[in-house]
Amino acid sequence: MGLARAWSIGLHGIDGDLVEIEADVGRGLPGLSLVGLPDAALAEARDRVRAAVVNSGWRWPGKKITLALSPATLPKQGSSYDVALACGVLAADGQVRPSALEGVVLLGELALDGRIREVRGVLPCVVAARRAGMRRVVVPEECLEEASLVGDVELFGAGHLADVLAWVEGQGTLTRAPVRPPLARPRAHEDLGEVVGQGPARRAAEVAAAGGHHLLFVGPPGSGKTMIARRLVGLLPDLSVTEAMEVAAVRSLAGSLPPDGDLVVTPPFVAPHHGVSAAALVGGGSGLARPGAVSLAHRGVLFLDEVYEFGPHLLDCLRTPLEEGEVRLARKDGVVRYPSRFQLVMAANPCPCAPPRPTDCDCRPDALRRYRSRLSGPMLDRTDLQVELQPVTTLDRGADEQEEDTATVRARVLAARERARERWAGTGWRSNAEVPGPALRRLRPMDPGVTGELDGLLRAGLLTARALDRCLRVAWTVCDLREGDRPDVDDVHAALELRRRGATT
C-alpha cells in the first residue's frame with residue numbers, strides 16, 4: 001500500500017484555497033475513486049489522467065486508487081487539478097519520489113496524449129498559493145506570462161506531463177518565468193479635445209473623474225454622449241499595483257487577459273450591449289458563478305449606452321454593486337463574491353423617436369413616460385451627476401475656440417484626487433464618492449449656512465437623504481478642483497445644478 005500527497009488550488013470566486021490531494025494505491029478491485037465534492041469536469045478527470053499517464057510512457061497502477069481532495073467540504077470545480085492528480089497517483093505507486101512533491105503546487109488540464117492545456121484563473125491561483133506559503137508553482141506554459149505577474153513565487157511552465165515527471169525526478173528542467181517590469185505602460189486614449197462644444201457635459205465628466213461619481217448623459221443622437229463617455233477613462237488616474245492585480249485576477253477568471261500578459265495600469269472600460277443578460281451583466285452561470293460586466297469594469301468605467309433600452313430588472317440589478325462595491329452570487333455549489341467598484345456612466349436619448357432636435361419630438365406622453373420609467377427612481381437617486389446635452393449646430397471651431405485636451409483636464413483631475421486622498425488618509429477611502437454619508441457629515445461637517453439650500457429641498461421632499469449625501473460628495477469634489485479648503489455655497493449650488501441638469505429626463 002502506498003500513500004502520497006500533491007497540492008493544487010481551488011478557486012472560489014477570485015479567492016483561492018490550497019487543496020491537498022491525498023492518493024492511496026492499495027489492494028482491491030482496480031478502479032479509481034475521487035472524493036471531496038468534485039464537479040462534473042473534475043469527476044471526469046479519472047479518464048483524462050489515466051490516458052495521459054499511459055500515453056506519456058508511464059505505468060498506470062492496476063490497483064484500487066483513492067483520491068481525496070481536502071478540505072472535503074469545499075466544492076471543487078474545473079480541470080486544473082489534472083496534473084496534481086496524475087503526480088499524486090504515480091507518487092503513491094512508488095514511480096516518483098513523494099518527497100519531491102512537497103511544497104509544489106501543480107496546475108493544468110491534461111490532454112489524452114499528456115499535453116498540458118491552459119486553464120482559466122491561473123493568476124488568482126498563484127496569488128492563493130503564495131498566500132498559503134507555497135513558493136513553487138507549476139503552470140501550463142501558455143499561462144506562464146500571466147502567472148509571472150505575481151512576485152515572490154518560483155514559477156515553472158510545463159507543456160507535457162512527461163516534462164513535469166522528469167522535473168520531479170530531477171532528470172529534466174521546466175521553462176522558467178520571464179523577468180518582467182513591474183507595470184506596463186498606459187495605453188493611448190482618445191482625446192477629449194476632439195469633442196465639439198458641450199461645455200456642461202465636459203465639466204461633468206471632469207467632476208465625475210475627479211471624485212469617482214456616477215454620471216448620466218441625456219441628449220439627442222450625435223450630441224457627443226458616447227464620445228465623452230469613452231474619453232472619461234483617459235482622465236482617470238492609473239491603477240496602483242494592488243488595483244491592477246485585482247483587475248487582472250477578475251479578467252483571468254473570465255479568460256480576457258491581454259495576450260501579451262502585461263499588467264495593465266489603465267482603468268478598464270466595459271460597454272455591454274443593451275441586449276445583455278442578467279448573468280452577463282452581474283455574473284452567473286451554473287455551478288459557481290462567473291464574473292460579469294460589473295466585475296470586469298472593477299476600478300474602471302461601466303458604460304451603458306442607450307440605457308433606456310436595458311430592461312428595468314437589469315438596471316435594478318446594479319443597485320447592490322453600486323452601494324457595496326462587490327457582487328455576491330449564490331448558486332448550487334456555493335456563494336461567490338466578485339469585486340465591482342466601478343464608475344457607472346449612462347447615456348440615453350430623450351425620447352423613443354430621438355429626432356436631431358428635441359423640439360421635433362412626436363412621441364405621445366404615455367409612450368414617453370413608459371420609455372423614461374425604465375430607469376427607476378432608486379437608480380436615478382444613485383446617480384450623482386445628470387447632464388442634458390444640447391444638439392450640435394456647427395462643427396466649425398475658430399482658432400480661439402479650441403477645447404482643452406485630455407492631458408490638461410487630467411492634470412486637474414489628478415490634483416483633485418490627491419487632495420481627496422490626503423483628506424481621507426487612514427480611512428481606506430480613496431475618493432470622495434467612496435465616503436459613506438454618515439462619515440462625511442461627522443468627519444467633515446459643513447456650516448448650516450452652506451447647506452441651507454439642500455436642507456430646504458430635503459424638507460420639501462424634493463431631495464432624498466441619499467441624494468443629499470451625494471450632493472455633498474460632489475460639492476467636495478468641486479471644491480478640490482478649484483483647490484479650496486472647504487466647500488462653500490457656490491460649490492454646493494454647483495453640485496446641485498450638476499444633478500438638476502438632467503431633471504427633465
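Along the sequence shown, the residues carry numbers beginning at 1.
Every residue two or more places apart in sequence or in another chain that forms a salt bridge (Lys or Arg N to Asp or Glu O under 4.0 Å) with E243 is listed here: R430.
V489 and G449 get closest at one heavy-atom pair: CG2-O, 3.8 Å. Residues P487 and C479 approach most closely at N-SG, 3.7 Å, considering heavy atoms. The shortest heavy-atom contact between T73 and L37 is O-CD1, 3.5 Å. Of all heavy-atom pairs between K225 and A347, the closest is CB-CB, 3.9 Å. Among all heavy-atom pairs drawn from P267 and G300, the shortest one is CB-CA, 4.0 Å. Scanning all heavy atoms of the two residues, the minimum distance from A416 to L481 falls at CB-CD2, 3.7 Å.
Screening residues 203-217 for salt bridge (Lys or Arg N to Asp or Glu O under 4.0 Å), with sequence neighbours left out, gives R203-E206, E206-R412. Sorted by first then second residue, the salt bridge (Lys or Arg N to Asp or Glu O under 4.0 Å) pairs that include residues 309-322, not counting sequence neighbours, are E309-R374, D316-R319.
Side chains of I9 and V137 form no contact here, defined as non-hydrogen atoms less than 4.5 Å apart. A heavy-atom distance below 4.5 Å is found between the side chains of V119 and S79. At a threshold of 4.5 Å between non-hydrogen side-chain atoms, the residues R370 and D366 count as touching. For the pair R482/D491, a side-chain contact is recorded, criterion being any heavy-atom separation below 4.5 Å from C-beta on. For the pair N349/P221, a side-chain contact is recorded, criterion being any heavy-atom separation below 4.5 Å from C-beta on. Between S8 and K76, the closest side-chain pair of non-hydrogen atoms is not below 4.5 Å. Taking the side chain as every heavy atom from C-beta outward, P220 and P356 never approach each other to under 4.5 Å. The shortest distance between side-chain heavy atoms of M227 and Q198 does not fall below 4.5 Å.
Remark: the backbone N or O of L296 is paired with a side-chain donor or acceptor of R251 at under 3.5 angstrom. Counting only distance, with no hydrogens or angles, the side chain of R382 and the backbone of P378 share a donor-acceptor pair below 3.5 Å. Under the 3.5 Å distance criterion, the side-chain polar atoms of T383 are left unmatched by any main-chain donor or acceptor of L215. Formation of a donor-acceptor pair under 3.5 Å by the T451 side chain with backbone atoms of L454 is not found in this model. Under a 3.5 Å cut-off, the side chain of R473 and the backbone N or O of V435 do form a donor-acceptor pair. Not a single donor-acceptor pair under 3.5 Å links the side chain of R372 to the backbone N or O of Y308.
Here the CD atom belonging to E323 is positioned 11.5 Å from the CG atom belonging to L318, to the nearest 0.5 angstrom. Between atom CZ of residue R423 and atom CG of residue N432 there is a gap of 5.0 Å, rounded to the nearest 0.5 Å. Distance check: L472 CG to D384 CG gives 11.0 Å after rounding to the nearest 0.5 Å. Put simply, CH2 on W424 and CG on L440 are 5.0 Å apart, with the number rounded to the nearest 0.5 Å.
One finds no salt bridge joining R421 and D480 here, because no Lys/Arg side-chain nitrogen approaches an Asp/Glu carboxylate oxygen to under 4.0 Å. Electrostatic pairing of D381 and R470 does not count as a salt bridge here, judged by no charged N lying under 4.0 Å from a carboxylate O. Taking the charged nitrogens against the carboxylate oxygens, R337 and D15 do have a contact shorter than 4.0 Å, which makes a salt bridge. Remark: D455 does not engage R459 in a salt bridge, criterion side-chain N to carboxylate O under 4.0 Å.
Taking the six-membered ring where the residue is Trp, F342 and H214 present tilted rings, their angle falling between 30° and 60°.
The one candidate from L375, D305, L380, V218 that meets the side chain to side chain contact (heavy atoms under 4.5 Å, CB included) condition with M346 is L375. The residue from L302, V270, L322 that alone fulfils the side chain to side chain contact (heavy atoms under 4.5 Å, CB included) condition with V294 is L302.
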Verdict with supporting geometry, R410 and D238, salt bridge (charged side-chain N to carboxylate O under 4.0 Å, His left out): CA-CA 11 Å; R410 186 172 189 265; D238 294 336; 3.3 Å; yes

